[in-house]
Engineer: 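So that we are looking at the same thing, I have put the structure below in structure tokens.
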Amino acid sequence: MIKLEKVSKKFGIGPHALSDINLVVDKGEFVFLVGPTGSGKTTIFRLIIRELLPSEGSIVIDEWDIVNLPKQKIPHLRKKVGVVFQDLKLLADRTIFENVALPLEVIGIKPEEAKARVDDVLGRIGILEHKEKFPVQLSGGEIQRTAIARALILSPDILLADEPTGNLDEDTSWEIAKLLSDINAKGTTVIMATHDKEIVKKLSKRVVVLDKGKIARDEKGKSASAQRDEKEEGK
Ligand SMILES: Nc1ncnc2c1ncn2[C@@H]1O[C@H](COP(=O)(O)OP(=O)(O)OP(=O)(O)O)[C@@H](O)[C@H]1O
Ligand SMILES: [Mg+2]
């Protein structure tokens, strides 16, 4: 569970990037985070992974108080929460395999075990055939899949995806969204920040709307059974 209570964030002398955010995301939920550019989506993600500290308020993930988390626990937090960053952050001079293996290398997993785990994730995400290529040799959708694979390599409980379909064509965007939905169906909590209205509409999940740093709306998604009923009625 992720729980933000009365969270505000102010950078320097500017206006509040976030103000009085109250948000609970239960284990196993899929949530879209939407809102105009600058409304605070990425800032929420950066607070959740303790890349930033809030100016006010509390952030709790499961039993962990993120604001007061001791420094030595931050690597544990980063294992629990995988992130697909808006700017992707793939290393251009490393292959797809090496990029995805990097978090394992950092925590000292042995090369043989790392290889098995990376091959497994690349297979599940559908890019195993590209593992020896460099990022520049891949399409936008394949790059996006690589970033998702890297975010999943430490088997996180929570996946934060920051505009994972930006710059992709409609079909590829839909494939990426379905991939995230499948990952969620297998138990991972997913929060996806997006500007893609079509995908939000099609997936019928919970939608949290931010506007100028505040939660403007929080719309519950349709339950799986309601979606099935609609399908049967041919709506
Ligand atoms: N490091 C920073 N220093 C100063 N201001 C910042 C910093 N990071 C973000 N902001 C400001 O905080 C506000 C929220 O930014 P944020 O990146 O969270 O928006 P966003 O909803 O993710 O936008 P986009 O849809 O364009 O990605 C913006 O006004 C932004 O300029
Ligand atoms: Mg952003």
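Note that ligands are numbered from 1 as they come in the structure, with each ligand's atoms numbered from 1 the same way.
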Engineer: If you look at every heavy atom in G141 and L168, which pair is closest and at what distance?
Structural biologist: N-CD2, 3.4 Å

Engineer: I need the nearest protein heavy-atom contact for atom 9 (C) of ligand 1: residue, atom name and distance, please.
Structural biologist: F11 CE1, 3.5 Å

Engineer: Under a heavy-atom criterion of less than 4.0 Å, does G35 contact ligand 1?
Structural biologist: no

Engineer: Any idea which heavy atoms bring R124 and L179 closest together, and the distance?
Structural biologist: O-CD1, 4.4 Å

Engineer: Does the protein put any heavy atom within less than 4.0 Å of atom 30 (C) of ligand 1?
Structural biologist: no

Engineer: Rounded to the nearest 10 degrees, what's the angle OG1 of T42 makes with OE1 of Q86 at the Mg ion (ligand 2)? Could you check?
Structural biologist: 80°

Engineer: Within 45 degrees of the axis of the six-membered ring of F11 and under 6.0 Å from its centre: does K9 put its NZ or CZ there?
Structural biologist: yes

Engineer: For the atom pair CD (E5) and CG (L23), what is the distance rounded to the nearest 0.5 Å?
Structural biologist: 11.0 Å

Engineer: Could you walk me through whether L104 and L154 pass the side chain to side chain contact (heavy atoms under 4.5 Å, CB included) check?
Structural biologist: CA-CA 7 Å; L104 296 175; L154 298 177; 3.6 Å; yes

Engineer: Mark up the atoms of ligand 1 that fall under 4.0 Å of a heavy atom belonging to T37, in ascending order.
Structural biologist: 23 (O), 24 (P), 25 (O), 26 (O)

Engineer: Given E51, K41, Q86, which one has a non-hydrogen atom that is nearest to atom 20 (P) of ligand 1?
Structural biologist: K41

Engineer: Just to verify, what does S139 make a side-chain hydrogen bond (donor to acceptor under 3.5 Å, both in side chains) with, not counting sequence neighbours?
Structural biologist: E142

Engineer: For atom 17 (O) of ligand 1, what is the nearest protein heavy atom, given as residue, atom name and distance?
Structural biologist: T42 CB, 3.6 Å

Engineer: Near E163, which atoms of ligand 1 are under 4.0 Å from a heavy atom of that residue?
Structural biologist: 24 (P), 25 (O), 27 (O)

Engineer: My understanding is that only one of T146, D119, T95 makes a side chain to side chain donor-acceptor pair (under 3.5 Å) with K131; could you say which?
Structural biologist: D119

Engineer: Could you tell me which atoms of ligand 1, counted from 1 in the order shown, lie closer than 4.0 angstrom to a heavy atom of T43?
Structural biologist: 14 (C), 15 (O), 16 (P), 18 (O)

Engineer: Determine, considering heavy atoms only, which of G12, G40, A17 sits nearest to atom 19 (O) of ligand 1.
Structural biologist: G40

Engineer: Please list the nearest protein heavy atom to atom 14 (C) of ligand 1 with its residue and the distance rounded to 0.1 Å.
Structural biologist: G38 O, 3.3 Å

Engineer: Does the Lys NZ or Arg CZ of K205 fall within the cation-pi geometry relative to F32 - under 6.0 Å from the ring centre and within 45° of the axis?
Structural biologist: no

